[in-house]
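Contents: one structure, followed by commentary.
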Amino acid sequence: MARTADPHRRQAILSAAREVFMQQGYTKARMLDIAARAEMATGTLYLYFDSKQTLAMALADSVLEGLTEVIVPILALESTPTMIRECVQTAIRYSLQHTDLFRLLGLEAGLNLEAEQQQPSRLRLHAILAEALAQRMQQGSIYHYQPLALAEILAGLIEWVVTMAMLRGESDVSNYEPTLLQFIEQALLPPQNQPQQATTKPAV
């Protein structure tokens with residue numbers, strides 16, 4: 001079980017683990033190597049994290065926590081169309097900055113999908129997004145759906161776009177982003193609230 005008595009030391013361990021995972025790959029990385037990079041005894045490392053998988057899950061949590069921090073201010077924007085567009089674009093940009101970690105955790109570590117979906121940081125992000133969506137539904141600025149289900153679906157769509165870019169070794173999502181934005185805007189926004197560009201069909 002992870003120990004959180006010293007958050008600075010815990011963060012140093014996470015930073016060291018990420019460096020070691022990136023350099024050696026998840027399979028070859030050892031707790032001994034991570035402890036050495038963090039400049040501590042291996043026994044001390046085990047007081048904070050009992051396995052490589054625990055460390056990997058904590059790294060995933062840290063990325064999701066960072067994403068939540070950048071998304072929350074956007075959810076308070078007055079314009080609903082602007083909020084949706086900036087939220088999607090910011091989430092994509094932030095995620096693309098961490099594709100190295102997503103690749104490691106998703107493809108190399110092979111984290112348990114059920115456990116990954118129950119991460120506290122993921123649940124918190126979904127809950128915050130669901131609350132913001134529910135408020136917009138009450139205001140009539142977006143269509144009514146089940147808020148939490150909608151939050152999970154929107155997050156999943158963005159994650160898919162980033163995953164496709166990651167699998168192809170690309171940082172450019174221009175093939176997907178316009179369509180994703182148009183799809184989300186048309187699914188959420190009543191016609192009177194949709195931006196003009198969201199309803200413009202591409203030239204044939």
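Just the heavy atoms: all of them, side chains too, but no hydrogens, waters or symmetry mates, feed the values below. All residue numbers refer to positions in the sequence shown, counting from 1.
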Spell out, yes or no, whether V72 and L129 are grouped together once hydrophobic residues are joined by side-chain heavy atoms under 4.5 Å, including indirect joins.
yes
With sequence neighbours excluded, what pairs up with E19 under the salt bridge (Lys or Arg N to Asp or Glu O under 4.0 Å) test?
R37
Looking at L133 and I142, what are the two nearest heavy atoms and their distance?
O-CD1, 3.5 Å
Atom pair CG (L55) and CZ (R10), whose distance is rounded to the nearest 0.5 Å:
8.5 Å
Same cluster for L154 and L148 if Ile/Leu/Val/Met/Phe/Trp/Tyr side chains link at under 4.5 Å?
no
Looking at every non-hydrogen atom in both residues, tell me the closest pair between T42 and A35 and how far apart they are.
CA-CB, 3.7 Å
Fit a plane to each ring of F21 and Y26, take the angle between them on a 0 to 90° scale, and name the class: parallel (under 30°), tilted (30 to 60°) or perpendicular (over 60°).
tilted
Checking side-chain hydrogen bond (donor to acceptor under 3.5 Å, both in side chains) for the pair T80/R136: CA distance, chi angles, key distance, verdict?
CA-CA 8 Å; T80 296; R136 306 283 171 149; 2.8 Å; yes
With a 4.0 Å cut-off on N to O distance, would you call E86 and R93 a salt bridge?
no
Once rounded to the nearest 0.5 Å, what's the spacing between atom CG of L67 and atom CZ of R122?
10.0 Å
Closest non-hydrogen atom pair, A134 against P147:
CB-CG, 3.9 Å
Give, for atom OH of Y48 and atom CE of M40, the distance between the pair rounded to the nearest 0.5 Å.
6.5 Å
Are any side-chain N or O atoms of H144 and backbone N or O atoms of M137, one a donor and one an acceptor, separated by less than 3.5 Å?
yes
Evaluation steps, side chain to side chain contact (heavy atoms under 4.5 Å, CB included), between L180 and I92:
CA-CA 11 Å; L180 176 64; I92 289 175; 4.0 Å; yes
Please check if atom CZ in F183 has more than 12 non-hydrogen atoms from other residues, nucleotides or ligands closer than 6.0 Å.
no
At what distance, to the nearest 0.5 angstrom, does CG of L189 lie from CD1 of I184?
10.0 Å
L150 side chain reached by Q146 side chain, heavy atoms, under 4.5 Å:
no
Walk me through it: do L188 and Y143 pass the test side chain to side chain contact (heavy atoms under 4.5 Å, CB included)?
CA-CA 5 Å; L188 297 186; Y143 288 122; 5.6 Å; no
By side chain to side chain contact (heavy atoms under 4.5 Å, CB included) - contacts of S174 (at least two apart):
D172
Between K52 (side chain) and M31 (backbone), is there a donor-acceptor pair under 3.5 Å?
no
Atom CD of residue position Q192 - does it have more than 12 heavy atoms of other residues, nucleotides or ligands inside 6.0 Å?
yes
Flag the pair E39 and R9 as a salt bridge only when some basic side-chain nitrogen lies within less than 4.0 angstrom of an acidic carboxylate oxygen.
no
Side chain to side chain, V161 and I158, heavy atoms closer than 4.5 Å
no
Decide yes or no on side chain to side chain contact (heavy atoms under 4.5 Å, CB included) for L96 and V162, but give the supporting numbers first.
CA-CA 7 Å; L96 287 174; V162 174; 4.3 Å; yes
For the atom pair CD1 (I34) and CD1 (I13), what is the distance rounded to the nearest 0.5 Å?
9.5 Å
Results of ring-ring contact (aromatic ring centres under 6.0 Å, His included) for Y145 - residues two or more places apart only:
none
Kindly indicate whether the side chain of H98, heavy atoms from C-beta on, has any atom under 4.5 Å from the side chain of R18.
yes
Closest contact, heavy atoms only, A38 versus A12
CB-O, 4.2 Å
Enter the distance from C87:SG to I71:CD1 here, rounded to the nearest 0.5 Å.
4.0 Å
Run the side chain to side chain contact (heavy atoms under 4.5 Å, CB included) test on D33 and R30 for me, step by step, so that the C-alpha distance in whole Å, both residues' side-chain angles and the decisive distance to 0.1 Å come before the verdict.
CA-CA 5 Å; D33 302 322; R30 302 176 300 169; 2.9 Å; yes
Could you tell me which non-hydrogen atom of G140 sits nearest to which non-hydrogen atom of P190, and how far apart they are?
O-CG, 4.1 Å
Would L45 and L32 show up in the same hydrophobic cluster when neighbours are defined by side-chain heavy atoms closer than 4.5 Å?
no
Are any side-chain N or O atoms of Q139 and backbone N or O atoms of S141, one a donor and one an acceptor, separated by less than 3.5 Å?
no
